[in-house]
Amino acid sequence: MSLRLGDTAPNFKAKTTLGEIDFYDFLGDRWGVLFSHPADYTPVCTTELGRTALLKEEFDKRNVKVLAVSVDPLDKHYGWVNDINETQNCFVDFPIIADENREVATLYDMIHPNASATATVRSLFIIAPDKTVKLIITYPASTGRNFYEVLRVIDSLQLPSKHSLATPANWQPGEDAIVVPAVSTEDALKKFPSLKIVKPYLRYTPVPDENL
Ligand code: BEZ
């Protein structure tokens, strides 16, 4: 059965370019991004892994560990990583799973037979420190994902007061958030003194800095 938001991300053990891993041990108490791509030595995938490597600092800042999946074997991954580093001017330092027997791909429903019988599609999961699945996106093989959007979703998920706040369309860090409908306006005014009430159900507030 396919995974849904709020489900527990299943654990697994796998061979990767950085050695054998147990997924939960690899994540520890950090956030995770697990993403698949169709095949090694393919152009779109090369740019995606390169872009992810170039965003390392951004993922680190957000306490996120990144793990890629491909059904190709390890020896192929090693050669391809050299190509990615060379062509994308990066250093891929996150592991890439060699999922030759498709265990991870099956567990995470990354093979969509009507798209390709053998290759994984571009699935991406954001996993919270409690191991719940927070985001699932699926892109076709021909479209590279936008990793700034992945970071933006992580920023939204990591908002302080996250049980009271949501983020509007096209939100970017620094912009006002929205108070969720479950919070009454009376309570919202106590919690967020700069509340802007556009409609009783549409209430904006600057994101409070709860670290102060
Ligand atoms: C690519 O990564 O470039 C790619 C892979 C499979 C189909 C189309 C493009």
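Not measured: the values here are computed from a predicted model. We count ligands from 1, going down the list as the structure has it; atoms in each ligand are counted the same way.
Panel note: side chain R51, backbone N146; no donor-acceptor pair is recorded below 3.5 Å.
The cationic atom of K131 (NZ for Lys, CZ for Arg) lies less than 6.0 Å from the six-membered ring centre of Y24 and within 45° of the ring axis.
The nearest protein atom to atom 9 (C) of ligand 1, hydrogens excluded, is given as A141 O, 3.6 Å; this is a heavy-atom distance. Of the protein's heavy atoms, V44 N, 2.6 Å lies nearest to atom 3 (O) of ligand 1. Counting protein heavy atoms only, atom 4 (C) of ligand 1 is closest to R122 NH2, 3.7 Å.
Aromatic ring orientation, Y108 versus F12: perpendicular (interplanar angle above 60°, classes split at 30° and 60°). Between W80 and H77, the angle of the ring planes lies from 30° to 60°, which puts this pair in the tilted group.
With ligand atoms numbered from 1 in the order given, ligand 1 contributes 1 (C), 2 (O) to contacts under 4.0 Å with heavy atoms of C45.
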